[in-house]
Amino acid sequence: MANQKTDSMQHRPVVGIMTGSLHTENSSKIGTAISHFFNEADVDIRLYQGLDARRYIDASIYLDKGFDYHYYSLFGYSRYERPDILIISFSTVSGVVDPLPLQEFLSHLPDVPVIIMEDDTEMPGCINVTIDNYHGMKSCLEHLLDVHGYRDIMFVSGPRKVADAYMRLRAFEDTMKEHDISVPMDRIVYGDFTENVDRLIEKALDMRGLPDAIVCANDDMAVSVYRVLKSRGLEPGRDIAVTGFDNIPTSRYMDPPLSTVYQDFRKVAKVAVEKAISYLSGDGDFTSCILPADFLVRASCGCREMNTNVEGDDESPFTDRVEGQRIIDQLKVDNIAASLLNRNLFTEDITLSGFFRSLGRQISLLNTKRSYICLLEEPKQLTDKDKMFTPDRLYLRMFQDGKDIRAYDETAPVIEPGELTDYTSGDTKSHMATFLLFYGNIHYGIMCVELDVSRMLFYYTMSLHIGSALRYLYLALDQKETLTMLREKNQILDYTASHDPLTGHLNRAGAMGEAFNLVHEHRKGSHFVAVMADLDHLKQINDTFGHTAGDDAICVAAAAIANALPEGSPLGRTGGDEFMALFYCGDNMEFTIDSFREKVSAYCEKVNADGSHPYYVGISLGCFEFETGTDIELPTILKNADEDLYKSKKKRRESVIR
């Protein structure tokens, strides 16, 4: 087998790197920096970058806890490699909604030396490379107190169980006490280190009024504070001081630029890498260290003279825009490629090996150097007890090395913990990243890909598509076993041709066919209503919250329309946000246009009232009642309904963003 080694061969040192969500600037920046500093070292890199959905969406709208479980289980898969040392950015890895204790987290990992970044918890077999959170925050507070004379200061802390948040809060409390200032309990609020703390800030300001300054335990929450203040007509830095912590790239371009505590993430990453290389070479100082964090003065604290003379704070906005546009352009191409991935995966006579052989070919066409897919013996539905689930063994279903592709069915090789390194390490050093494969809370296994760290987001997107494809694959295989001889081939093709895979309802062709049959099956003089419907502002939802949120909104709209239709009425998704339906008014006209509209509206109001989405779900409806047996044709009927739809769309709300 390509790249496989025997136990007697001496493998190149393997370094496992664990960081938090690639959707947050801190963890992404740390992961990229660590990878960069390892470029010259003769080591294999294994990257485990978390995908905690709650770090980049409002936790209150995400009722399904599945992403947290997947987020944690990713790191447990490091047991399948043979790392010689682990570097863990624990403050980004541990989560913000329900953080794991460090000791519990380490218990799921290989028993090897660990370098813990940004956390000073002392653990056997571990050293720490951390930022001086305490004195960094203290310098911020002393500037506000001594230079500006602020006394009434509100503190927006991070989660109570996160070490960074605790140290920054302690610095705030100690500094205020040293200045003989008592802090009311309602002047300390606990956020989640994300930009989605608007409601928390609103409530705190409503309870006690406007303070002199708002000190945030990180920059992301300061973004939220800016938004709240500006919505109230207040200008940060003029009407009220605002500070942050981290110096994320965004902080330089906020209006006004954010005063913040500067953490040199590249320095932290460099020191961690140096200590790892020192350990692997058997010489040097393998001990903990603390790096300074300095207060960076900008305009948001009320200062006119700004101190921006720090490393990494001098990139021009033009350079950032050019690089940002390059990334956006690349993401557009990548997203199209990932979306087309499933196009040729499913055949009439689908098998496990056939599916993975086709998948391997598709991945190779994306210029992927090497990839592996290892699955559980059976997909696992995660429960509340499975916060960090990893299986006892995996099954190699596919490996792709350039154009060489091998796929397995019942003969899949068994991979025990520690054995994956034999497949992923080769003659030249490699940089492999591991991604979870899941659909909802159904856990399938992992995908390992050799990549450049700048391509992490693309392969993450691809892993989501593969997870969805696996869901369909297992459903198709189960269905194949139970189909009768008369249905097993043609009905699969018919279903695929007539149904929308996202909502499960009919597509345009299926809906038109069902509508035609339904109208012609009824006696002359029967009353029907044709419905054309649009989900309001899908583009706005996609642009603001991402296409996963947009897909969810489409499904909610489909459910709202289906709920209002009489049983057996055809409903189809005819476009991205467009739907078509037809219903019989009944022998006694018990189903009317008004009753249909009321049911759709009531369903949307219920969804909007529970606050489970960061947007409002609205549906514009066009309805046209007609009688069978007349000369009017179906295209004309739908045209009339469509004209009514455009009248309805004029009444929709201008924005669906909460």
Side-chain angles (χ1 to χ4, degrees), residues 500 502-503 505-516 518-519 522 525-544 549-566 569-586 589-609 613 615-658:
D500 169 44
L502 177 62
T503 64
H505 294 288
L506 298 168
N507 58 20
R508 178 185 292 273
M512 291 289 287
E514 288 289 333
F516 182 87
L518 188 61
V519 170
H522 276 72
S526 298
H527 287 263
F528 279 83
V529 172
V531 178
M532 300 296 286
D534 274 6
L535 169 66
D536 293 344
H537 300 298
L538 174 61
K539 184 177 186 302
Q540 191 179 69
I541 295 172
N542 283 334
D543 291 347
T544 307
D551 287 350
D552 184 52
I554 290 171
C555 291
V556 173
I561 299 170
N563 179 71
L565 291 171
S569 303
L571 167 63
R573 181 184 173 209
T574 57
D577 58 353
E578 302 168 354
F579 298 86
M580 165 193 161
L582 195 74
F583 67 86
Y584 173 50
C585 294
M589 298 294 289
E590 58 265 34
F591 301 105
T592 66
I593 291 176
D594 288 341
S595 64
F596 171 74
R597 289 181 182 276
E598 289 172 2
K599 287 183 179 180
V600 172
S601 177
Y603 191 101
C604 292
E605 288 177 2
K606 183 179 179 181
V607 170
N608 292 332
H613 300 279
Y615 50 80
Y616 293 104
V617 176
I619 302 172
S620 298
L621 298 172
C623 300
F624 178 73
E625 184 176 342
F626 64 96
E627 185 177 332
T628 58
T630 61
D631 293 335
I632 191 168
E633 297 292 336
L634 186 58
T636 303
I637 293 169
L638 297 178
K639 180 175 179 293
N640 289 334
D642 206 43
E643 289 175 353
D644 188 52
L645 169 64
Y646 279 94
K647 295 177 183 177
S648 174
K649 289 175 73 170
K650 294 178 181 179
K651 302 175 183 178
R652 64 182 179 176
R653 55 167 54 92
E654 293 184 2
S655 172
V656 295
I657 308 304
R658 287 185 179 273

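Note that the coordinates shown come from a computational prediction; the quantities given were computed from them, not determined experimentally.
Heavy atoms only, all atoms of each residue included: Gly550 and Asn542 are closest at CA-OD1, 3.1 Å. Between Ala581 and Leu565, the closest heavy-atom pair is CB-CD1, 3.9 Å. Across Ile619 and Ala560, no two heavy atoms sit closer than the pair CD1-CB, 3.7 Å. The heavy-atom pair separating Gly576 from Ile554 by the smallest distance is O-CD1, 3.2 Å.
Within the 3.5 Å criterion, the main-chain N or O of Ala549 finds a donor-acceptor partner in the side chain of Tyr615. Checking side-chain atoms of Asp500 against main-chain N and O of Asn507 turns up no donor-acceptor pair under 3.5 Å. Under a 3.5 Å cut-off, the side chain of Thr628 and the backbone N or O of Gly525 do form a donor-acceptor pair. Of the possible polar contacts, none joining the Arg573 side chain to the His505 backbone as a donor-acceptor pair under 3.5 Å is found. Side-chain N or O atoms of Gln540 include one that pairs as donor or acceptor with a backbone N or O of Val656 at under 3.5 Å. His537 contributes no side-chain N or O that, together with a main-chain N or O of Tyr616, makes up a donor-acceptor pair within less than 3.5 Å.
The ring-ring contact (aromatic ring centres under 6.0 Å, His included) search around Tyr646 returns none, not counting sequence neighbours. Contacts of Ala530 classified as side chain to side chain contact (heavy atoms under 4.5 Å, CB included), with partners at least two apart in sequence or in another chain: Leu582, Phe626, Ile637, Leu638, Ala641.
In this structure, CE in Met580 is found 7.0 Å from CE in Met532, a value given to the nearest 0.5 Å. To the nearest 0.5 angstrom, Asp536 atom CG is 13.0 Å from Lys651 atom NZ. Here the CG-CD1 distance, from Asp552 to Ile541, works out to 9.0 Å after rounding to the nearest 0.5 Å. Here Ile657 contributes atom CD1 and Thr544 contributes atom OG1; the two are 4.0 Å apart, rounded to the nearest 0.5 Å. Interatomic distance, Cys604 SG to Leu535 CG, rounded to the nearest 0.5 Å: 8.5 Å. Taken to the nearest 0.5 Å, the CG atom of Leu518 stands 10.5 Å off from the CG atom of Leu634.
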> Leu506 and Met512: side chain to side chain contact (heavy atoms under 4.5 Å, CB included), yes or no, with the steps?
Replying inline: CA-CA 9 Å; Leu506 298 168; Met512 291 289 287; over 6 Å; no

> So Asp644 and Lys647, side chain to side chain contact (heavy atoms under 4.5 Å, CB included) or not? Walk me through it.
Replying inline: CA-CA 5 Å; Asp644 188 52; Lys647 295 177 183 177; 4.3 Å; yes

>> Please determine whether side chain to side chain contact (heavy atoms under 4.5 Å, CB included) holds for the pair Phe624 and Leu645, giving the CA-CA distance in whole Å, both sets of side-chain angles, and the decisive distance to 0.1 Å.
In response: CA-CA 10 Å; Phe624 178 73; Leu645 169 64; over 6 Å; no

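Side-chain atoms of Ser620 and Asp534 form no donor-acceptor pair, as typed in the model, at a separation below 3.5 Å.
With contacts defined as side-chain heavy-atom distances shorter than 4.5 Å, the pair Pro566/Tyr584 does not qualify. Using a 4.5 Å heavy-atom cutoff, the side chains of Val529 and Thr592 are not in contact. Inter-residue side-chain proximity for Leu571 and Glu514 is flagged as unmet; no heavy-atom pair is nearer than 4.5 Å.
Listed by first then second residue, pairs satisfying salt bridge (charged side-chain N to carboxylate O under 4.0 Å, His left out) with a partner in residues 633-643 read Lys639-Glu643, not counting sequence neighbours.
Open room surrounds CZ on Arg508; 12 or fewer heavy atoms of other groups in view lie less than 6.0 Å from it. Residue-environment remark: NZ (Lys606) stays at or below the threshold of 12 foreign heavy atoms within 6.0 Å.
The ring-ring contact (aromatic ring centres under 6.0 Å, His included) test with Phe583 singles out one residue from Phe528, Phe596, Phe591, and that residue is Phe596.
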